[in-house]
Each structure stands twice: as C-alpha cells, then as structure tokens.
2 protein chains.
Amino acid sequence: MPKINRTKYAILGLLLLGPMSGYDMKKRFTGSISHFWNENYSGIYPMLRRLQKVGLVKKNEERTAGKPVRHVYTITEEGRKQLYEWLLLPAERPTLRIELLLKLFFGHIVPEENLIEKVEAEKRFCDQTLETFKGIEEHLSSTGSHKELPGAKFWLITLSYGKHYYDAVRSWCEETVDILRGGKK
Amino acid sequence: MPKINRTKYAILGLLLLGPMSGYDMKKRFTGSISHFWNENYSGIYPMLRRLQKVGLVKKNEERTAGKPVRHVYTITEEGRKQLYEWLLLPAERPTLRIELLLKLFFGHIVPEENLIEKVEAEKRFCDQTLETFKGIEEHLSSTGSHKELPGAKFWLITLSYGKHYYDAVRSWCEETVDILRGGKK
DNA sequence: GCGCCCATGTAACTAGTTACATGATTCA
DNA sequence: TGAATCATGTAACTAGTTACATGGGCGC
C-alpha cells in the first residue's frame with residue numbers, strides 16, 4: 001500500500017470550517033490543533049495549488065486596500081467527497097520516535113543530573129501545555145465561540161486527548177525524577 | 001539549526017549493549033523498544049557503512065558453516081565520544097501527527113458509528129500493547145535477563161512511559177466512546 | 001527606527017517508507 | 001512443500017524541515 005498524503009486531507013478538512021487562505025491555515029496549525037497536527041507553509045501552499053488544479057478546491061482573490069492580496073480557498077463537492085472517503089478509512093497509527101526515551105535508554109553513560117534536567121524540562125512542557133488547554137477551554141465556554149466550529153463536540157474530544165496525554169506524561173516525569181534521584185548509587 | 005541525524009545515534013547507542021549486526025538491530029527496533037523508536041533496514045545498513053567509513057564503528061565478519069556471513073559491528077572510542085556529546089544535548093520534542101484525532105476533528109461529516117469503530121480499534125491496540133508490556137516485565141523479573149542491559153533501571157523507565165501513555169489513551173478511548181454514544185442526537 | 005503581523009511563495013535538503021532483490025536453512 | 005527465520009542490501013519514492021526571498025502596514 002502506498003503512503004497516503006495526509007497533508008491533502010488536513011487541508012481539505014480545514015476548509016470544512018469555511019473558506020480560508022494558506023496563511024489562515026497555518027494559524028490553525030500553530031494554534032489550538034497544534035497538539036495533534038501541524039503543517040508548514042512549504043506544505044500548504046504547493047498543496048493548495050495542486051488541489052485547485054485537480055478541482056478539489058476553488059480559489060478566490062480578495063483585495064483589501066493597503067493589504068496583500070488574499071488567496072481564499074473553498075472546498076468543492078468533489079473535494080468534500082474525497083475527504084469523506086478518506087475519513088471513513090481506519091486511522092493509521094504513527095510510528096513513535098521519542099528522543100527523550102532514546103536518550104534515557106542509553107542514559108547509563110551520562111551523569112544522572114543531566115537526565116534529570118531533561119525529564120524536568122519535559123515536565124515543564126507538560127505543565128505549560130496543560131495551562132494552554134485550560135485557557136482554550138475557558139475561552140471556548142465563556143465566549144461561546146464553539147459556534148465557529150461545526151462540531152464543538154469533536155473539538156472537545158481532541159482537547160481531552162491532549163489532557164489525558166500530557167497528564168500521563170507529567171506524572172511519569174515526576175515518578176522518573178524520583179527514581180533517578182532516589183536510586184542514586 | 002540543521003536537523004540532527006538521530007538514526008546515527010540510535011545505532012551507536014544500541015552498540016553500547018554489545019557488538020551486533022544490522023539484523024540484530026532491526027530485531028531490537030521491532031522488539032521491546034519499538035514503542036519509542038524504530039528504524040528500518042534501509043536506514044540501518046547504509047548508516048552502518050557510513051559510520052564505519054568515518055571510524056565510529058568497526059566491522060568484523062563472522063562466518064558460521066551453513067549460515068550467511070554476519071557483519072558484526074562494534075562501537076569505537078570516537079563513536080562513544082560522539083554519542084556521549086549527543087546524549088548531553090536537550091531532547092527534541094517530536095511534532096505530533098495523530099491521524100485518529102485529525103479524523104475525529106472533522107468527524108461531524110461522517111456517521112458516528114464509523115468514529116466509534118476507530119476509537120474502539122485504538123482501545124484494542126492499547127490493551128494489546130499493555131499486555132505485551134506485562135509480558136516483557138514478567139520475563140525480565142523472572143529470568144533475571146536485566147543483566148543483559150547495562151542499565152536495567154533506564155529500561156524500566158522507558159517501559160513505564162509506555163504504560164502511562166497507553167493507560168491514558170485507553171481511558172480517553174472509553175470516555176470518548178461514551179461521549180459519542182451518549183451524545184447521540 | 002525596530003520589530004511584529006500580514007501574506008505569499010520557492011529551493012535545497014534530510015529523513016523516512018515501501019518495494020524490490022537474493023538465497024540458504026530449519027521446522028512443521 | 002511451504003512458511004518462517006537468518007541475513008544482506010538497493011532503488012524509488014514520499015514526506016517533512018529549514019532557509020531563503022519579498023514587501024507593505026501598524027504600533028511603540
């Protein structure tokens with residue numbers, strides 16, 4: 001089986017939220033969905049052109065005085081259909097490459113203090129991310145901006161995944177620091 | 001900053017466990033460390049040659065009657081030094097691309113039963129993996145094969161990460177199935 | 001005047017996956 | 001006799017990252 005191009009579907013999917021430009025998409029990928037997906041400009045722009053060429057999206061140019069031209073894309077019926085087909089397929093699992101664990105696995109040759117630093121950095125990252133999630137949730141419930149999304153439920157589900165995940169990693173970090181400190185020879 | 005080649009260090013690191021062939025390495029990558037790292041033959045063999053050429057590993061050919069020649073590699077002092085330098089550096093975080101979440105995020109256009117299936121498949125995967133971990137742990141404690149590794153402690157730490165992770169995802173799956181079933185319109 | 005935001009994109013590179021290619025031995 | 005394991009590797013492709021390139025507007 002050849003590898004499926006997920007950038008294509010990530011882009012088509014974003015267009016379900018409404019017409020937008022490549023720049024808008026990048027903002028989404030850096031924002032609240034960054035904890036489970038990301039794309040760079042160098043993936044987005046060429047893909048948008050390709051999708052336009054084969055008729056899965058339509059382009060409109062928006063001109064506002066004193067601002068750069070915006071290339072705003074809309075999903076077509078055919079685009080929607082192909083996205084739908086892909087959504088039905090089983091989700092492929094990512095092959096993990098967790099550098100932190102690789103470094104810990106070979107950790108017996110470096111000073112333990114160095115390992116502890118790494119684990120604590122990871123913990124700080126978890127804390128930060130969990131804070132961000134809290135902020136997003138509050139923002140969502142207070143402003144009622146869930147109307148922006150056609151499926152706020154699904155959006156909460158992905159957020160919940162993040163919470164479970166970072167909570168788990170966070171407590172692993174705590175345990176691990178204890179082991180590393182306590183188990184000192 | 002240019003991207004660092006982690007395959008290089010994954011291979012050098014494995015050689016800390018003792019001399020081995022590319023084939024042996026692949027077995028490790030498919031075995032008990034597969035939950036945090038993987039490499040394919042197509043990454044391993046060319047890298048071993050490259051590492052040999054620059055003197056980070058040494059090759060010995062082992063001939064056994066009736067068996068293919070084994071190319072057994074050993075890490076050199078210089079290899080160990082370079083690995084050490086890399087181990088000290090902060091671990092880079094992977095950019096996540098979780099297809100399941102992407103599909104759920106756009107899930108409002110497909111039948112919910114299809115989404116539930118995907119989440120349940122994920123749960124089954126977690127259960128399976130957790131079972132495997134249990135097996136590994138038992139095997140380790142019963143046979144005392146932890147002597148095989150220079151740092152059994154670190155090995156348990158990586159295993160524990162996996163347990164935390166899959167436990168968390170597993171309970172997220174349960175919650176999510178409930179939401180999807182209960183929240184039916 | 002500086003830096004950030006808006007907004008578009010390309011070029012060059014690095015990494016990663018899959019398919020291809022070969023062939024002996026061992027075990028059921 | 002057929003599948004699995006041992007054992008090596010290459011070729012072709014796909015995906016992903018970083019650096020490069022440009023330029024106006026806005027706020028401090």
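Only heavy atoms go into these numbers, but all of them, side chains included; no hydrogens, no water, no symmetry mates. Owing to the predicted nature of the structure, the values given are computational and were not obtained by experimental measurement.
Under 4.0 angstrom from either OP1 or OP2 of D:dT8 there lies no side-chain N or O belonging to B:Tyr23. For B:Arg6, a side-chain nitrogen or oxygen approaches OP1 or OP2 of C:dG16 to under 4.0 Å. The phosphate of C:dA15 has OP1 or OP2 within less than 4.0 Å of a side-chain N or O from B:Asn5. Within the structure, every side-chain polar atom (N or O) of A:Ser21 is placed at least 4.0 Å from both OP1 and OP2 of C:dA7. Using a 4.0 Å cut-off, no side-chain N or O of A:Asn40 falls inside it from OP1 or OP2 of D:dG16. Look at A:Tyr41 and you won't find any side-chain N or O under 4.0 angstrom from OP1 or OP2 of C:dG9.
The separation between B:Trp37 atom CH2 and C:dT17 atom C1' is 15 Å, rounded to whole Å. One can place CD of A:Glu62 at 13 Å from C1' of C:dC6, the figure rounded to the nearest angstrom. The CG atom of B:Leu96 sits 13 Å away from the P atom of D:dG16 (whole-angstrom rounding). If you measure from atom CZ of A:Arg50 to atom C1' of D:dT14, you get 10 Å, rounded to the nearest angstrom. Protein atom OH of B:Tyr45 is 10 Å distant from nucleotide atom P of D:dT10, rounded to whole Å. The distance from atom NZ of A:Lys59 to atom C1' of C:dG9 is 11 Å, rounded to the nearest whole Å.
Between A:Met20 and A:Thr74 the shortest side-chain heavy-atom distance does not fall below 4.5 Å. Inter-residue side-chain proximity for A:Glu175 and B:Ser160 is flagged as met; some heavy-atom pair is nearer than 4.5 Å.
Both B:Arg49 and B:Thr95 lie close to DNA chain D; mapped to their nearest nucleotides by heavy-atom distance, the more 5′-ward contact belongs to B:Arg49. Annotation: of the two residues near DNA chain D, B:Val72 and B:Ser42, the 5′-most nearest-nucleotide partner is B:Val72.
Taking the six-membered ring wherever Trp is involved, the centroid distance between the rings of A:His35 and A:Tyr166 does not fall below 6.0 Å.
Taking the centre and axis of the six-membered ring of B:Tyr23, the NZ or CZ atom of B:Arg70 falls outside the cone set by 45° and 6.0 Å.
Nearest to the side-chain atoms of B:Lys27 among the listed nucleotides D:dC6, D:dT8, C:dT8 stands D:dC6.
Scored by the side chain to side chain contact (heavy atoms under 4.5 Å, CB included) test, B:Phe36 finds A:Ile98, A:Leu101, A:Leu102, A:Phe105, B:Ile33, B:Thr158 as partners (sequence neighbours excluded).
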